[in-house]
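Read through the structure below, which is laid out as structure tokens, and then see the notes.
The structure displayed is predicted, hence computed values, not measured ones.
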2 protein chains.
Amino acid sequence: MAAPATQRRRTRRPRAEREAEILEAARTVFAEQGYAAAAVAEVAARAGVVEGTVYAYFDSKRALLIAVMKQFYEELISETERGLDTVRGTENRLRFVIRHHLDTFARELGLCRLIVSEARPDVALYDEAILDLNRRYTGLALRVLEEGVRNGSLRSDLVPSVTRDLLYGGIEHAVWRSVFTGAPLDAAGLADQLSDALLGGILARPVTANGAADAAVLRLERAIERLESRMGDE
Amino acid sequence: MAAPATQRRRTRRPRAEREAEILEAARTVFAEQGYAAAAVAEVAARAGVVEGTVYAYFDSKRALLIAVMKQFYEELISETERGLDTVRGTENRLRFVIRHHLDTFARELGLCRLIVSEARPDVALYDEAILDLNRRYTGLALRVLEEGVRNGSLRSDLVPSVTRDLLYGGIEHAVWRSVFTGAPLDAAGLADQLSDALLGGILARPVTANGAADAAVLRLERAIERLESRMGDE
DNA sequence: TTTTTTTATTGAGCCTGTCTCAATAATGAG
DNA sequence: CTCATTATTGAGACAGGCTCAATAAAAAAA
């Protein structure tokens, strides 16, 4: 038989570029298949190298995963930081964080599934790196919450860390459900619903809380005016 | 050398019992090591059988996982149902669900980590079973929410499904974080904080919101009426 | 009791996938 | 052009999931 037409020639490339190529390939393969199902051999093939080469750049399959996640998180963090710089007011800032997070999930479903599913399991020692990235990212929202409590926009008895968990946990759950059921993800609508529930709470308010209270005040003011005008008449 | 002292004799046991033993062993091993790290051989050893036997009872390692989760979920569901039967009022019922869920997580951390981490990843076809269990379980809270909207205890514009995600997602996130940081889990305190934030919302309320204001308005209105009637007397 | 049938249980071994390492050849320096 | 450096390779060690023909314990039949 003739030699295979697609024979790969051995070429040397600058370390940085080859590493980037492998990382890019890993990102794709992991996102498509998940961590467990992905084979390092396939990552290698897609990067145009042989399996051994991958291990010359990354210590293990898991190290490759962490590198992929790190890259993703760094992007997410800097985007969110930039965004927060342009939005004013605690409520608006929270709505922005929720909306942006949801948009990102919708756009990069594969990667996000990876993070939700694969990052968490191994409480194994080495995931310090991932925990730290997560802390940095969710720390952005945490600071908005703390600031809100300080400046009086948020309830003074609020526990910011618990609220942050409610926020991110809620998003993840909602997204995951929509992934499972296969329903298309309506990021904008979902963001609004989540924000409304979180910000305003879910309990029905006593009627006086919204407009009714104003109405009562209005009635009082009118009554008093009536009194005043009468008394002034005398 | 002498024959090993711990040589196992081949014994036949009733199907149901052997299956239960294997399941029990799997539950322990999975909970201790997580799915990926656990070896079927170890499950077998702990159940006092050989690897092949495990496969005579369960089709695959994953089927074993699903069986373990099924058993756990069934217990959780029936406990929660029983509990809900004894608690009245939407707010109390929600607080109960949150509290009970947190208690269970605290008590069975290993298994819960398994569910959070291993169940979710594989959107792979066969997890219908798990999805269904999850639906049944979280359906309990969903029904409480829907009922609350109907009877006026909860905001009429609430989206029950989104609220359910906020509820369970928030719990999971909070627990997971405490697992990671190694902090002991204060189920009671955390349950209260989560319930408060979810029920009441996080925004600061105008002072009029809590009953005191209503009472004040009422007193004012009465006083003015008294005044008015007096003046009418003249 | 003895013989036969049934089937739970075994363990050797196949297969896929991660990871290692000595050999190889592409590149840059002298 | 030659040599030294080191990126790249590919064969294979090792681990873990899973299969299957052989085996023997229990039940049924004689």
>> Nearest to the side chain of V50(A), heavy atoms from C-beta on, is which of dA26(C), dG10(D), dT8(D)?
In response: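 The answer is dG10(D).
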> If you check every side-chain atom of A56(B), which of dT9(C), dT8(D), dT9(D) has the closest atom?
Replying inline: dT9(C)
> Reading nucleotides 12-22 of chain D 5' to 3', which nucleotides get B (base under 4.0 Å from a protein heavy atom), which S (sugar-phosphate only), which -?
Replying inline: -----BBB---
Distance-only donor-acceptor pairs under 3.5 Å for side chains of residues 36-43 of chain B, two or more places apart:
residue	atom	partner	partner atom	Å
E42(B)	OE1	Q33(B)	NE2	3.2
E42(B)	OE2	Q33(B)	NE2	3.1
E42(B)	OE2	R46(B)	NH2	3.0

>> Applying salt bridge (Lys or Arg N to Asp or Glu O under 4.0 Å) as the test, list every pair that has at least one member in residues 47-59 of chain B; sequence neighbours left out.
In response: none
>> One pair to check against side chain to side chain contact (heavy atoms under 4.5 Å, CB included): E74(A) and L133(A). What are the steps and the verdict?
In response: CA-CA 8 Å; E74(A) 298 288 5; L133(A) 284 167; 3.9 Å; yes
> Expressed in angstrom and rounded to an integer, what is the separation of R13(A) atom CZ from dT27(C) atom C1'?
Replying inline: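 Going from R13(A) (CZ) to dT27(C) (C1'), I get 14 Å.
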> Over how many whole Å does the gap from R15(A) atom CZ to dT5(D) atom C1' extend?
Replying inline: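 The answer, rounded to whole Å, is 13 Å.
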>> Please list all pairs meeting side chain to side chain donor-acceptor pair (under 3.5 Å) that have one or both residues in residues 188-200 of chain A, counting only residues at least two apart or in different chains.
In response: R95(A)-D196(A)
> Between S153(B) and V149(B), is there a donor-acceptor pair closer than 3.5 Å when you use the side chain of the first and the backbone of the second?
Replying inline: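 The answer is no, because no donor-acceptor pair under 3.5 Å joins these two groups.
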> Is there a donor-acceptor contact under 3.5 Å from the side chain of R13(B) to the main chain of R18(B)?
Replying inline: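 Between the backbone of R18(B) and the side chain of R13(B) there is no qualifying donor-acceptor contact (under 3.5 Å).
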>> Within residues 20-31 of chain B, which residues have any heavy atom lying less than 4.0 Å from an atom of DNA chain C?
In response: none
> OP1, OP2 of dT10(C) versus side-chain N and O of T53(B): anything below 4.0 Å?
Replying inline: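 Looking at the OP1 and OP2 atoms of dT10(C), one of them is under 4.0 Å from a side-chain N or O of T53(B).
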>> Can you tell me if R12(A) touches the phosphate of dT5(D), counting only side-chain N or O atoms and a distance under 4.0 Å to OP1 or OP2?
In response: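 Looking at the OP1 and OP2 atoms of dT5(D), neither is under 4.0 Å from any side-chain N or O of R12(A).
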>> Suppose we screen for ring pair (Phe, Tyr, Trp, His ring centres under 6.0 Å). Which residues come up paired with Y137(A), at least two apart in sequence or across chains?
In response: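 Counting only residues at least two positions away or on another chain, Y137(A) forms a ring pair (Phe, Tyr, Trp, His ring centres under 6.0 Å) with H101(A), Y168(A).
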> Under the salt bridge (Lys or Arg N to Asp or Glu O under 4.0 Å) criterion, do R113(B) and E172(B) qualify, and how do the steps go?
Replying inline: CA-CA 9 Å; R113(B) 197 161 62 223; E172(B) 266 178 25; over 6 Å; no
> Reckon F58(A) touches a base, only the sugar-phosphate, or nothing at all at heavy-atom distances under 4.0 Å?
Replying inline: nothing
